[in-house]
Amino acid sequence: MKTQAQVVVIGGGVVGCSVLYHLTKYGWKDVMLIERSTLTSGSTWHAAGGFHTLNGDTNMAALQGYTIQLYKELEKITGMSCGLHHVGGITLADNQARFEMLKAERAKHRYMGLHTELFGPEEIEKYTDGLVNTKGIVGALYDPLDGHLDPSGTTHAYARAAKMGGAEIVEHNRVLETNPRSDSTWDLVTEKGTVHAEHVVNAGGLWAREVGAMAGVYFPLLPMAHQYLVTDEIPEIMDILNSGREFPHVMDPGGESYLRQEGRGLCIGFYEKPCEGWSLDGTPWTFGHELLPDNLDKIEDSVAFAYKRFPVLEKAGVKNVIHGPFTFAPDGNPLIGPVPGLRNYWSACAVMAGFSQGGGMGKSLAEWMIHGETEVDPRGFDVARFGKWTTPGYTVPKVIENYQMRFSVSYPNEERPAARPFRTTPMYDIFDGMGAVWGQQYGLEVVNYFALPGEPRYETPSFKRSNAWEATAAEVRAVREAVGINEVQNFGKFRVKGPNARKWLDRIMAGAIPKQGRLSLTPMLSHKGKIIGDFTVTCLNETEFQITGSYGAQDQHLRWFEKNLEDGVTVENVSDRVTGFQIAGPNARELLSRVTRSDVSADAFKFMDAKRMTIGMADCLVQRVSYTGDLGYEIFTDFMSERSLWHTLWAAGQDLGLRPFGMRAMMSLRLDKLFGSWAREFSPDYFPGETGIDRFIRWNKEADWIGKAPATKEKAEGPKRKLCAFIVDATDADVVAYEPIWIGDKVLGFCTSGGYSHWTGQSVAQGFVPTEMIRAGLEVEIEILGENRKARLIDGPLWDADGARMRG
């Protein structure tokens, strides 16, 4: 075993071997993998080995497609068999809501290049040789890429390909310690000696928590005990085999099961409601190739349901019961990427669907390590999407909830209840008493809307317009006609200080850095010119600035700031110490004037100004800007002063029509002005010129800002696609995101977001179309829940087009 390497991967499951292979594929040869036992000794060896592309996150779905297509490449490279069976698969829908979800997924697949189809009951019966009882089935989604493989053979193929690329693999060698050096490299103390590594990758699988603890990191994941059955030989399966075919995958979400052929019989696995977490307090190092004791009681109801859906099972004998643990994160997606707070320490954990996702996750992590960023927006799998606030007390109920709901219909407006409320602001009880219907962002309780008198305190999950409709409309009217108030806790907030603060911000941000007492809007770009942040920068004085951005992305952004930090600059995350409210609407100025002695007249307090004020008893930073697009102010104060600030504003605004509003109204109001939203219109998937955010770039500033060369190149060449807005002829359902845009008989674009503009009474969508197709009044069709709806391109805001209200 060598004692020095550029990268050491800890863990020899399919994910660790995939990371190792992709590092060599992209050019890093001095890499090694250390495994405590033998390859596949964790969850990999007992995995069911199925693979599929269906995933609600479009980038995850694309990476799952990459994973599946990679297997033939591995076989070609190594000469080894992955045991591939590309049999295709169907996902059944036993109710209209589930079928609507499958329609929405199929629509996304159109522009992703994934060729899926919708089946009716007759097609299902034909495709499955009548072995599926279609009673009660509305339809299904067919995916030709679905299939299964040999888990051990596939993992060893990754390993051989990596070794052919120069990697070293050391088995029977447990890592005992991971110790950082002052130069950001690591000493890994193992049973066979110490290895000095520039980078460490935690691909520990079932032991990822234990490996992370060696570096002082808590990974929010939990192994779940999962059970599947393998039957004896089944005559009907033999008949299919004798005809030269194989039985397809069948996922039956209504029965919480997946079914596939295994040899001459069938394999069926369950995501049962009475599930059980495993090793809540840590995975024993001695655990490995053994299975858990059979527990058929917990799947008794699921098996009974399966006998009705797949009658052939009832007369089949059970040959094997496989009951073993595998890991989940709280939302079911992997934990991949650079771990915040550590240098050169990378996560490759919680890849629950290893044979659907392992290739894509290995690819993305290798790109991140070598090139500094991934090809696609990683937010769905970025380890930094969970902050330091996560604890085992949070993780366990969320993982159990996710397991139980793995096959449940996932609605765009759904708010799942486990481990909530957890993180709240001082306003929680006040807003709750006013009828708040709560959502959550980054663990924080955030008001979605306030239920009207007599209405339930619950938003019904739906793909269509929900019961929040009237309440949201009322809140929108209050903002546009009087004045609304909304909490600003759910902004990410940073304080940048030091003698070189302005110089550093000029390098880290692409836009202008404002003068004292002013604020500016600016994108932050990656080294490849992609959008990785959308910020408001406020100059408090020449050595102190406030940066405001996405609350949910605060750890990703802080990680980037710290990676690019310079001498003479400090960056502090104050997201949960600085809070407050925004007030917006035609009466906002009058309200503000009543609670402060400062001059807030239009001449004294201009649009994009920032001033220190005393409001009531609270010391505040007030910014004249509002995401509602109306006359408005953001008022920031210390966390401890928030309730006092609320009572001051609330008492002064009663005769002005002051009304609280939530995020549902906010997202409707922003559509009136066609404002973009972080993680929708602006994300690492896009260049600034494509989205229009390039209008905030200060192209001629002297600083050599990050991303300047590729952004300048894009500007010179012109973007191939551009973000546009459309009025949609919608009925009871609006655009959410990723719906395909049809121009003629071809899908040539996709939506980034949309919704209903309650103030203008129109359904609105934003999305990308090819630049050469853009013209005034362009007529397109947008596919919403399987129906093409007519839409017309618009070239400006729906309301206050000249900004007179916002700037006046």
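Side-chain atoms are counted along with the backbone in the values below, which use heavy atoms only and exclude waters and symmetry mates. All values reported here derive from a predicted model rather than from experimental measurement.
With Arg160 contributing its side chain and Gly79 its backbone, the two residues share no donor-acceptor pair below 3.5 Å. Proximity of a side-chain donor or acceptor of Gln261 to a complementary backbone N or O of Gly263 within less than 3.5 Å is detected. A donor-acceptor pair under 3.5 Å is absent between the side-chain atoms of Glu177 and the main chain of Val189, judged by distance alone. Of the possible polar contacts, one joining the Thr67 side chain to the Ser356 backbone as a donor-acceptor pair under 3.5 Å is found. Under the 3.5 Å distance criterion, the side-chain polar atoms of Lys298 are left unmatched by any main-chain donor or acceptor of Glu276. Listed for the Thr154 side chain is a donor-acceptor partner under 3.5 Å among the backbone atoms of Cys82.
Ring geometry, Tyr111 versus Phe750: the interplanar angle falls under 30°, so the pair is classed parallel (tilted spans 30 to 60°).
By the side-chain hydrogen bond (donor to acceptor under 3.5 Å, both in side chains) test, Asp382 is found to be paired with Arg559, residues two or more places apart in sequence or in another chain being considered. With sequence neighbours left out, Asp129 forms a side chain to side chain contact (heavy atoms under 4.5 Å, CB included) with Ile240, Arg245. With sequence neighbours excluded, the residues that form a ring-ring contact (aromatic ring centres under 6.0 Å, His included) with His86 are Phe51. For Val217, the side chain to side chain contact (heavy atoms under 4.5 Å, CB included) partners at least two apart in sequence or on another chain are Ala215, Phe219, Val339, Leu342. Among residues two or more places apart in sequence or in another chain, the side-chain hydrogen bond (donor to acceptor under 3.5 Å, both in side chains) test is passed with Asn344 by none. With sequence neighbours left out, the side chain to side chain contact (heavy atoms under 4.5 Å, CB included) criterion links Asn402 to Phe328, Arg416. Partners of His196 under the side chain to side chain contact (heavy atoms under 4.5 Å, CB included) rule, at least two apart in sequence or in another chain, are Gln4, Arg181, Thr185, Asp187. For Phe305, the ring-ring contact (aromatic ring centres under 6.0 Å, His included) criterion is met by no residue, not counting sequence neighbours.
Pairs passing the salt bridge (charged side-chain N to carboxylate O under 4.0 Å, His left out) check and including a residue from residues 54-76, sequence neighbours excluded, read Lys25-Glu73. Within the structure, ring pair (Phe, Tyr, Trp, His ring centres under 6.0 Å) contacts touching residues 223-251 (residues at least two apart or in different chains) are His148-His249, His226-Tyr258, His226-Tyr271, His226-Phe326. A side-chain hydrogen bond (donor to acceptor under 3.5 Å, both in side chains) check over residues 305-318, counting only residues at least two apart or in different chains, returns the pairs Glu236-Lys315, Asp252-Arg309.
No side-chain donor-acceptor contact under 3.5 Å links Arg174 and Thr190. Between the side chains of Glu125 and Thr134, at least one donor N or O sits under 3.5 Å from an acceptor N or O. The closest side-chain donor-acceptor pair between His85 and Glu246 falls under 3.5 angstrom. For the residue pair Gln64 and Asn55, a side-chain donor N or O sits within less than 3.5 Å of a side-chain acceptor on the partner.
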Can I get a per-line list of side-chain donor-acceptor pairs under 3.5 Å for residues 284-291, giving both atom names and the distance, sequence neighbours left out?
unit_1, atom_1, unit_2, atom_2, d
His289, NE2, Thr38, OG1, 3.3
His289, NE2, Ser41, OG, 3.0
Glu290, OE1, Gly288, N, 2.9

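By the 4.5 Å heavy-atom criterion applied to side chains, Leu206 and Pro325 are counted as neighbours.
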Candidate pair Arg264 and Asp232, rule salt bridge (Lys or Arg N to Asp or Glu O under 4.0 Å), full reasoning = CA-CA 7 Å; Arg264 299 178 180 183; Asp232 290 325; over 6 Å; no

Let me see the working for Asp301 and Lys273 under salt bridge (Lys or Arg N to Asp or Glu O under 4.0 Å), right down to the final yes or no.
-> CA-CA 9 Å; Asp301 292 342; Lys273 290 292 191 293; over 6 Å; no

Given salt bridge (Lys or Arg N to Asp or Glu O under 4.0 Å), test Glu375 with Lys363 step by step and report yes or no.
-> CA-CA 9 Å; Glu375 183 181 7; Lys363 171 182 183 289; 2.6 Å; yes

Going through the checks in order, is the side chain to side chain contact (heavy atoms under 4.5 Å, CB included) test met by Val201 and Val8?
-> CA-CA 6 Å; Val201 177; Val8 172; over 6 Å; no

Evaluation steps, salt bridge (Lys or Arg N to Asp or Glu O under 4.0 Å), between Lys103 and Glu105 | CA-CA 5 Å; Lys103 287 179 181 178; Glu105 291 305 308; over 6 Å; no

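The environment of NE2 in His115 is sparse: at most 12 heavy-atom neighbours from other residues, nucleotides or ligands sit within 6.0 Å.
Here the shortest heavy-atom pairing between Cys17 and Gly12 reads SG-O, 4.0 Å. Listed here is the closest heavy atom pair of Thr44 and Gly13: OG1-CA, 3.5 Å. Here the closest non-hydrogen pair linking Asp94 and Gly254 is OD2-CA, 3.3 Å.
Screening Tyr345, Trp186, Trp28 for a ring-ring contact (aromatic ring centres under 6.0 Å, His included) involving His199 leaves a single residue, Trp28.
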